[in-house]
Amino acid sequence: MRVLETERMVLRRMGMSDVDGLMGIFSDPEAMRYYPGTKSRSEAEAWVRNQLDRYRRDGIGLWAAVLKDSGELAGQCGLTVQEVEGREEVEIGYLFLRKYWNRGLATEAAKACRDHGFALGHDQLVSLIDPGNRASRRVAEKVGLTLEKEVEKWDKVVCLYIIHKNGGTL
Ligand SMILES: CC(C)(COP(=O)(O)OP(=O)(O)OC[C@H]1O[C@@H](n2cnc3c(N)ncnc32)[C@H](O)[C@@H]1OP(=O)(O)O)[C@@H](O)C(=O)NCCC(=O)NCCS
């Protein structure tokens, strides 16, 4: 199911048939540097099942980002519900295949997800980013998020980036 369209990509719900493409991210130690580790095929299948659960439960999740010109899966980007300091927040998340990095694709997809999140009625959106992940922090900034503070999540300290719907503060 198609969710969003950008200039160069379609964002659609992922399925088990995307596991081969997603392994291009999950098996790459450089792409998974800020995650607990690379993922096996069965772990990638569990990841996709988790997104299918999110679609059913939350109506949102990480979506497959497919290039319009080639039909290739370039990455994943979307909106996921995350608990942050006891509150439910909606996070803009993005992971792309290394061969597509630094072409503005994550920024383009994340901006569409930001606009979609606000259109769905969310007043604020966040991104939770490892302090060392400079590329991801740069994407968050280009999408208009600002660093709020550091929080504990996934058993580590991460940067909490926030954007408010009306550009104001809470
Ligand atoms: C983070 C990620 C999605 C960015 O994807 P991308 O398509 O390359 O992003 P964009 O091209 O839109 O923007 C990247 C920006 O980061 C900058 N950048 C890249 N590497 C950098 C680094 N090591 N230090 C500082 N800036 C860096 C680029 O120059 C660019 O900024 P610019 O437009 O001002 O020049 C990609 O690196 C990725 O998939 N990483 C692995 C998964 C991951 O860590 N996801 C984020 C989890 S929070």
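Atoms within each ligand, like the ligands themselves, are counted from 1 in listed order.
- Around the CD atom of Glu30, the shell of radius 6.0 Å holds more than 12 heavy atoms that belong to other residues, nucleotides or ligands.
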Check ligand 1 against the protein and report each N/O to N/O distance under 3.5 Å, formatted as atom name, atom name, distance.
{"residue": "ligand 1", "atom": "7 (O)", "partner": "Ala106", "partner atom": "N", "Å": "3.1"}
{"residue": "ligand 1", "atom": "8 (O)", "partner": "Asn102", "partner atom": "N", "Å": "2.6"}
{"residue": "ligand 1", "atom": "11 (O)", "partner": "Arg103", "partner atom": "N", "Å": "3.4"}
{"residue": "ligand 1", "atom": "11 (O)", "partner": "Gly104", "partner atom": "N", "Å": "2.7"}
{"residue": "ligand 1", "atom": "12 (O)", "partner": "Thr107", "partner atom": "N", "Å": "3.0"}
{"residue": "ligand 1", "atom": "12 (O)", "partner": "Thr107", "partner atom": "OG1", "Å": "2.5"}
{"residue": "ligand 1", "atom": "13 (O)", "partner": "Lys142", "partner atom": "NZ", "Å": "3.0"}
{"residue": "ligand 1", "atom": "33 (O)", "partner": "Lys142", "partner atom": "NZ", "Å": "2.7"}
{"residue": "ligand 1", "atom": "34 (O)", "partner": "Arg138", "partner atom": "NE", "Å": "2.7"}
{"residue": "ligand 1", "atom": "34 (O)", "partner": "Arg138", "partner atom": "NH2", "Å": "3.1"}
{"residue": "ligand 1", "atom": "39 (O)", "partner": "Phe96", "partner atom": "N", "Å": "2.7"}
{"residue": "ligand 1", "atom": "39 (O)", "partner": "Phe96", "partner atom": "O", "Å": "3.3"}
{"residue": "ligand 1", "atom": "39 (O)", "partner": "Trp101", "partner atom": "NE1", "Å": "3.2"}
{"residue": "ligand 1", "atom": "44 (O)", "partner": "Asn133", "partner atom": "ND2", "Å": "2.8"}
{"residue": "ligand 1", "atom": "45 (N)", "partner": "Tyr94", "partner atom": "O", "Å": "2.8"}

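- Rounding to the nearest 0.5 Å gives a distance of 10.0 Å between CD of Gln82 and CD of Glu89.
- The heavy-atom pair separating Lys165 from Phe118 by the smallest distance is NZ-O, 3.2 Å.
- Here the closest non-hydrogen pair linking Trp63 and Gly78 is CE3-CA, 3.6 Å.
- Looking at heavy atoms from C-beta onward, Trp154 lies in side-chain contact with Leu128 at the 4.5 angstrom threshold.
- For the pairing with Glu108, the salt bridge (Lys or Arg N to Asp or Glu O under 4.0 Å) check across Arg114, Arg103, Arg8 returns one residue only, Arg8.
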